[in-house]
Amino acid sequence: DIVAQVLGTNTSLSGIDLLHVDAQGFDPDVLKGATRTLNHTAVVTFEYEGTWCCKATLRPVLQDLSAQGFECWWAGQRRVWPTLQCWDPQWEKPHWSNVICARQGHPWHLVLERMAIHRVSKNSTVDL
């Protein structure tokens with residue numbers, strides 16, 4: 001993939017602890033093009049602004065990351081909130097948030113799981 005080429009690792013990646021994507025609205029394209037790199041990544045972070053290019057939406061990006069073995073959360077200052085487990089279509093509306101995803105089975109996944117707030121009622125508002 002293009003990330004591996006840019007890093008000069010055309011053969012194999014030993015492991016990436018954190019991949020932070022901030023591509024000014026092109027985050028879905030970067031994540032889609034980084035499949036091989038993501039296979040060797042423990043944690044991925046990216047911004048969701050609701051104004052991604054090419055009319056990309058959040059849920060398919062989260063589903064792709066889930067299919068690659070990641071679990072994703074909205075990132076707050078001291079807590080994280082599940083995304084796909086309690087999906088709300090209103091989250092596709094334009095707003096700015098950070099998303100953090102950890103590979104299931106990796107120690108960082110356990111850390112984030114412990115930080116997670118699992119009960120958010122549909123009628124409540126969550127300040128991310």
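When a residue number appears, it is its place in the shown sequence, counting from 1. Treat the numbers as computed from the prediction; the structure is a model and nothing was measured.
Take Ser66 and apply the side chain to side chain contact (heavy atoms under 4.5 Å, CB included) test, not counting sequence neighbours, and it matches Leu84. Applying the side chain to side chain contact (heavy atoms under 4.5 Å, CB included) criterion to Arg79, with sequence neighbours excluded, gives Trp81, Ile117. With sequence neighbours excluded, the residues satisfying side chain to side chain contact (heavy atoms under 4.5 Å, CB included) with Ala42 are His106.
When all heavy atoms of Trp73 and Glu113 are compared, the closest pair comes out as CZ2-OE1, 3.7 Å. The nearest pair of heavy atoms linking Asp22 to His20 is CB-NE2, 3.8 Å. The shortest heavy-atom contact between Leu62 and Cys72 is CD2-CB, 3.7 Å.
Trp108 CH2 to Asp17 CG: the interatomic distance, rounded to the nearest 0.5 Å, is 9.5 Å. Separating the CD atom in Glu47 from the CG atom in Asp27 is a distance of 6.5 Å, to the nearest 0.5 Å. Note that the NE2 atom of His109 and the CD atom of Gln104 stand 4.5 Å from one another [nearest 0.5 Å]. Leu19 contributes atom CG, which lies 7.5 Å from atom CG of Leu31 (distance to the nearest 0.5 angstrom).
Counting only heavy atoms from C-beta outward, the side chains of Leu65 and Leu38 approach each other to under 4.5 Å. Under the 4.5 Å side-chain criterion, counting only non-hydrogen atoms from C-beta, Trp74 is in contact with Val99.
Taking hydrophobic clusters as Ile, Leu, Val, Met, Phe, Trp and Tyr residues chained together by side-chain heavy-atom distances below 4.5 Å, Phe26 does not share a cluster with Tyr48. The cluster map of Ile, Leu, Val, Met, Phe, Trp and Tyr, joined by side-chain heavy atoms under 4.5 Å apart, puts Leu58 and Val21 in the same cluster. Leu110 is not connected to Val44 by any chain of hydrophobic side-chain contacts under 4.5 Å among Ile, Leu, Val, Met, Phe, Trp and Tyr, and they are in different clusters.
Judged by distance alone, with hydrogens and angles left aside, the side-chain atoms of Arg103 form no donor-acceptor pair with the main-chain N or O of His40 at under 3.5 Å.
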(Q) Is there a side-chain contact (heavy atoms from CB on, under 4.5 Å) between Ile16 and Thr37? Walk through the geometry before answering. (A) CA-CA 8 Å; Ile16 297 171; Thr37 299; 3.4 Å; yes
